[in-house]
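No experiment lies behind these values; they were computed from the predicted model shown.
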Amino acid sequence: MKRYDFKAVESKWQKYWDEHGTFKASDDFSKKKFYSLVEFPYPSGHGMHVGHIKAYSGLEVVSRKRRMEGYNVLFPIGFDAYGLPTENTAIKDNIHPRIVTDRNIEKFTNQLKTVGFSFDWSRVVDTTEESYYKWTQWIFLKMFENGLVFRDKTSVNYCPSCKVVLSNEDSQGGKCDVCHSDIIQKTKEVWYLRITEYADKLLQGLEEVDYLPNVRLQQENWIGKSTGAFVNFKIKEQDEKLRIYTTRPDTLYGVTFMVIAPEHPMIQKYRDSISNIDALDAYKTECAKKSEFERTQLVKDKTGVKIEGLTAINPITNKEIPIYISDYVMMGYGTGAIMAVPAHDTRDYDFAKKFGIDIIEVIKGGDITKEAYTGEGELVNSGELNGISNKKDAIAKMLEVLDKLGCGEKGVQFKMKDWAFNRQRYWGEPGTDGESPLAKNDSFVNCKCPKCNKDARRETDTMPQWAGSSWYFLRYCDPKNDNEFASQEALKYWMPVDWYNGGMEHVTRHMIYSRFWHKFLYDLGLVPTSEPYAKRTAQGLILGPDGEKMSKSRGNVIDPNDVVEEYGADVLRLYVLFMGDYEKAAPWSESSIKGCKRFADKVWGLQDIVTDEEGYSDKLVSAFHKTIKKVTEDIEAMKFNTAIAAMMSLINEIYNVGSITKGELGAFAIMLYPFAPHVAEEMYSSVFGKVLSEQEWITYDEALCKDDTIEIVVQVNGKLKAKLNIAVDADKDSVIAQAMADEKVKEATDGKNIVKQIYVPNKLVNIVAK
RNA sequence: GCCGAUGUGGUGGAAUGGCAGACACGCUCGACUCAAAAUCGAGUACUUCACGGUGUGCGGGUUCAAGUCCCGCCAUCGGCACCA
């Protein structure tokens, strides 16, 4: 047999698939469908990363299997091509970003094809093409018309290095997502999408989808629903009420002070009647200078200033309560004001200690001279609530009281904020400070209103990169449509996405955003399902050989091109799936990949030992059925590593037997096909003269997965003593008799009382002897 | 601080409560070779000459039987973070 020339074979089949449109999704909407989606890449100039290969290989395997199972499979790919690096290259090389983008897309396309992914290349979507982005704009306008877009002058996350406003999601941890600079707060007028309107729907929708538990949890945390109460405190000196939000209305009797955010409007409103307004202004200025990072670093040390001239009245005790400003209360959450209960809240406790404020215990169970007690317990010092020890009951009772007094009610809050939507970029790169470079282009900026034809000023900011990716899965259903973003017919057939795989890093941004857009379109009756993705999984990172995250600065990046060049696409695909649990991070190993190379060579070598017989041989029939079952099931569970391991075991067994029937070789090729399609196709076509891509998935017979005899374990007191070969499903008495007759067992039980004999059919016997 | 995940040989990793270490890498020895690579064969948790004993982060527990279940720690990673 000639040596396996993977280069020739791989390019031969890639060409064949391409020319025959093997992976094109059919427009025959009567067939059963399967829509598998992977996150489309940002086409950077560096080309693909091995992480992309792993991310796509999972559903690649599933998609190839589904086609063989008779599904009409939509497995599309596209490019999320707006972005800052492209802009930088364009400026550096003095060319239009369009050219850079086209160049990079071409590079990615070639690389993806070289790996042999079974994408439907006839449906490629590019978010920067007018035929695509006009629909992105169209959806934005629909949102505008429906009151989900607004402009507001508020404090925003601003990256002083990129000179751009960022959403909360893009500035997690107080760092810019692009350049990792510290984010500062800046007052600016920006566009917002009212995503908070959908907070509850986004949370409830999680009930009806099948997401990885971790994915679901992160979304829940991000949405951050909390239930509690709004309470209105009268202001003694003014005809005014201070409204606060609390999750613990049951502790209202323990309030000893109030805290409002430094930016709280009440300060401006009554500045003339506040005697220490200068001190308050100075504190506010100081806070504004702090970065998000500094603000959270100083958690231990509480600062603040007492407001002289405004005093709150506790609505149920009528006691006077001092009001402070402090930066541990944020204007952006709740009402920007809190009632402080130092006995039962750690932050309030720290503040009270520092400012010498009373601490009143209202819940028994801790020692409030030492620290705040945040647990549950019996209520004390709380009037009509005294004696209640269940938190739920206490809260319910307090809500009743507040309702009677007309000074408070049940309330719900979300951590999620509205989505700051505009970016001061052209393709991404900022120009002048805080404005897109387009703002300097008068002929672009000055225009006529399309409705009333009066002079108008054109918006020069762009949408964030997240806009294009918020609906791309819909466009794939009908990518060439020029009249609609996609036809209702196509959407009804293909949606929802049956299985979506991607990275964990997109769970709180891309996924939340796209679910929001989709739910909006659903409410307009423009998409058929309330959720876009029926199932979501996530692959683990591929780490560098040193076990660290791959990065250019560490110099531990593996280029998939090099791997394809040296070992071939099949081996690369096998290895990224074999290296470990698909959902967990695993380090790349230069030597481990050789195991996959050897496996591929052994597969090729099967042709040397193939016989003319059809069907299975007696020696291998159960091994084959077992392996087919294992591979079939493991693919569905994304346990690709053990599926490949099972095929490796089988091939070792085949070589031990020394020959393989034609039928067995065919079965092996089918199993292997989703993982290593090139070698499988070549081998199959040379033995059968048929194209493997057109064959059906192989089935197994449960009855044939069993051997006639089976080895069972004999234990005495849980310790292994012997092994027995018995007939499958042998009866208990005969197996135990055989076990007791064993020399080792006799020795171990000699002179002891047999207390119990346990028989687990086809597994083991355990004899308990004392 | 809160939430979540993970912890198994020299390495990556397998194990519906039922033989711990599948599969693979690496290593050792052997075959082939002038030699090397490739390939093939044997071995490879620790300990013991051996019989045996000990082993899944640590300490308890449940069970005939625990890597797996329960309780309490420790460590690492990820997410959120003055969210009232």
Side-chain angles (χ1 to χ4, degrees), chain A residues 3 172-174 213-222 224-226 228-229 244-248 251 259 261 292 295-302 326-330 332-341 345-348 350-351 374 413-417 504-505 507-508 540-541 543 547 574-575 578-581 583-599 601-602 605 639 641-652 655 711-723 755-770:
Chain A
R3 210 184 139 73
Q172 295 179 36
N214 205 17
V215 171
R216 181 183 171 150
L217 194 77
Q218 279 199 30
Q219 294 204 4
E220 281 171 354
N221 289 343
W222 188 259
K225 183 175 182 170
S226 91
I244 62 97
Y245 175 72
T246 178
T247 53
R248 297 298 303 273
T251 61
V259 185
E292 191 86 15
R295 233 171 131 151
T296 49
Q297 282 309 293
L298 298 166
V299 169
K300 289 267 148 57
D301 192 25
K302 295 279 181 293
S326 173
D327 63 356
Y328 85 88
V329 172
M330 312 291 160
Y333 185 79
T335 60
I338 62 159
M339 62 178 215
V341 186
D345 181 284
T346 321
R347 295 148 304 173
D348 297 347
D350 293 344
F351 193 90
T374 54
Q413 282 294 301
F414 295 93
K415 283 189 200 174
M416 193 167 76
K417 307 247 170 51
M504 282 308 293
E505 70 275 20
V507 163
T508 51
L541 289 177
L543 305 171
L574 282 166
Y575 180 60
F578 180 67
M579 60 196 299
D581 185 331
E583 290 171 5
K584 284 189 203 141
W588 185 269
S589 162
E590 294 287 1
S591 54
S592 283
I593 193 169
K594 285 182 193 152
C596 292
K597 173 68 178 161
R598 283 177 195 148
F599 173 62
D601 287 342
K602 278 187 196 172
K639 290 166 76 174
N641 54 338
T642 51
I644 294 168
M647 289 188 281
M648 286 174 168
S649 290
L650 179 60
I651 210 162
N652 291 342
Y655 277 100
E711 190 181 65
I712 70 157
V713 172
V714 181
Q715 298 176 336
V716 175
N717 293 331
K719 300 222 167 178
L720 176 68
K721 290 294 168 190
K723 292 180 181 182
V755 181
K756 217 176 190 180
Q757 291 166 321
I758 288 147
Y759 175 51
V760 182
N762 302 327
K763 284 262 169 65
L764 62 61
V765 172
N766 189 14
I767 293 153
V768 186
K770 279 185 183 169

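- Going from the C1' atom of B:U8 to that of B:U76 covers 15 Å, rounded to whole Å.
- Counting any heavy atom pair closer than 4.0 Å across all strands shown, A:Ser226 reaches sugar-phosphate atoms only and no base atom.
- Nucleotides B:U68 and B:U33 have their C1' atoms positioned 50 Å apart, rounded to a whole Å.
- A donor-acceptor contact shorter than 3.5 Å is absent between the side chain of A:Asp350 and the backbone of A:Asp301.
- A:Glu711 meets the side chain to side chain donor-acceptor pair (under 3.5 Å) test with no other residue; sequence neighbours excluded.
- Taking atom C1' on both B:C49 and B:C64, the two are 35 Å apart, rounded to the nearest angstrom.
- Taking atom CZ on A:Arg216 and atom P on B:G78, their separation rounds to 25 Å, with Å as the unit.
- The side chain of A:Val768 sits closest to B:C64 out of B:C64, B:C82, B:U54.
- In plain terms, the two heavy atoms of A:Asp348 and A:Ala340 that are nearest each other are OD2-CA, 3.2 Å.
- Relative orientation of the A:Tyr333 and A:Tyr245 rings is perpendicular, given thresholds of 30° and 60° on the angle between their planes.
- When heavy atoms are screened at a 4.0 angstrom cut-off, A:Asp348 is found touching no nucleic acid atom at all.
- Residue contacts shown for A:Phe578 include a base, since a base heavy atom lies under 4.0 Å away.
- Summarising the geometry of A:Val215 relative to A:Val507, their closest heavy-atom pair is O-CG1, 3.6 Å, with the distance given to 0.1 Å.
- Taking the C1' atom of each, B:G13 and B:U6 are spaced 14 Å apart, rounded to whole Å.
- For the pair A:Ala585 and A:Thr246, both in contact range of RNA chain B, the more 5′-proximal nearest nucleotide belongs to A:Ala585.
- Across all strands, A:Ser589 comes closer than 4.0 Å to no nucleic acid atom at all (heavy-atom distances).
- Residues A:Ile644 and A:Leu574 approach most closely at CD1-O, 3.6 Å, considering heavy atoms.
- When the side chain to side chain donor-acceptor pair (under 3.5 Å) test is applied to A:Lys225, the partners found at least two apart in sequence or on another chain are A:Asp200.
- A distance of about 40 Å separates the P atoms of B:A84 and B:U16, rounded to the whole Å.
- By the 4.5 Å heavy-atom criterion applied to side chains, A:Asn652 and A:Lys602 are counted as neighbours.
- For the P atoms, the distance from B:A22 to B:A42 is 15 Å, rounded to whole Å.
- Of the candidate nucleotides B:C3, B:G13, B:A84, B:C3 has the atom nearest to the side chain of A:Asn221.
- At a threshold of 4.5 Å between non-hydrogen side-chain atoms, the residues A:Leu764 and A:Val714 do not count as touching.
- Which of B:C82, B:A14, B:C64 sits closest to the side chain of A:Asn641 comes down to B:A14.
- Within the nucleic acid shown, A:Lys719 comes within 4.0 Å of sugar-phosphate atoms alone, with no base atom in reach, counting heavy atoms only.
- The distance between atom CE of A:Met648 and atom P of B:G12, rounded to the nearest whole Å, is 17 Å.
- For A:Ser591, taking side-chain heavy atoms from C-beta onward, the closest of the listed nucleotides B:A22, B:G4, B:C25 is B:C25.
- Listed nucleotides B:A15, B:G18, B:C82 differ in distance to A:Lys639; the shortest reach to its side chain belongs to B:A15.
- Listed by chain and number, the residues in a ring pair (Phe, Tyr, Trp, His ring centres under 6.0 Å) with A:Phe414 amount to none (sequence neighbours excluded).
- Residues meeting the ring pair (Phe, Tyr, Trp, His ring centres under 6.0 Å) test with A:Tyr575, sequence neighbours left out: A:Trp588.
- Proximity note for A:Leu217 (side chain, C-beta onward) versus B:A84, B:G4, B:A22: the nearest is B:G4.
- Counting non-hydrogen atoms under 4.0 angstrom, A:Asn652 reaches the backbone sugars and phosphates but no base.
- Residue A:Gln413 is classed as having no contact, given no heavy-atom separation below 4.0 Å to the nucleic acid.
- Here B:G12 is the nucleotide among B:C25, B:G12, B:A22 with the atom lying nearest to any side-chain atom of A:Pro587.
- Sorted by residue number, the members of residues 756-765 of chain A with any non-hydrogen atom under 4.0 Å from RNA chain B read A:Lys756, A:Ile758, A:Val760, A:Lys763, A:Leu764.
- The residue A:Lys602 sits close only to the backbone: its heavy atoms come under 4.0 Å of sugar-phosphate atoms, none of a base.
- With C1' as the reference atom, B:A24 and B:A36 are 25 Å apart, rounded to whole Å.
- The side chain of A:Gln218 has B:G79 as its nearest neighbour among B:G79, B:C64, B:A24.
- As judged by a 4.0 angstrom heavy-atom cut-off over every strand, A:Ala340 is placed among residues making no nucleic acid contact.
- The nearest heavy atom of RNA chain B to A:Asn214 and to A:Lys415 marks one nucleotide each, and the one closer to the 5' end goes with A:Asn214.
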Checklist entry - Where does RNA chain B pair, written as one dot-bracket string 5' to 3', with Watson-Crick or G-U pairs under 3.5 Å, ( ) inside the strand, [ ] for crossing pairs and | for another strand? => result (((((((..(((.....[....)))((((((.......))))))(((....)))..(((((..]....))))))))))))....

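- Ranking B:U54, B:C23, B:U39 by closeness to the A:Arg598 side chain, first place goes to B:U39.
- Within 4.0 Å (heavy atoms only), A:Asp345 reaches no atom of the nucleic acid at all.
- Look at the P atom in both B:G30 and B:G59: the space between them is 42 Å, to the nearest Å.
- B:G9 has its base syn relative to the sugar, with a glycosidic angle deviating from 0 by at most 90°.
- Going from atom NZ of A:Lys594 over to atom C1' of B:A37 covers 11 Å, rounded to whole Å.
- Closest to the A:Lys302 side chain, of the nucleotides B:C82, B:A84, B:C64, is B:C82.
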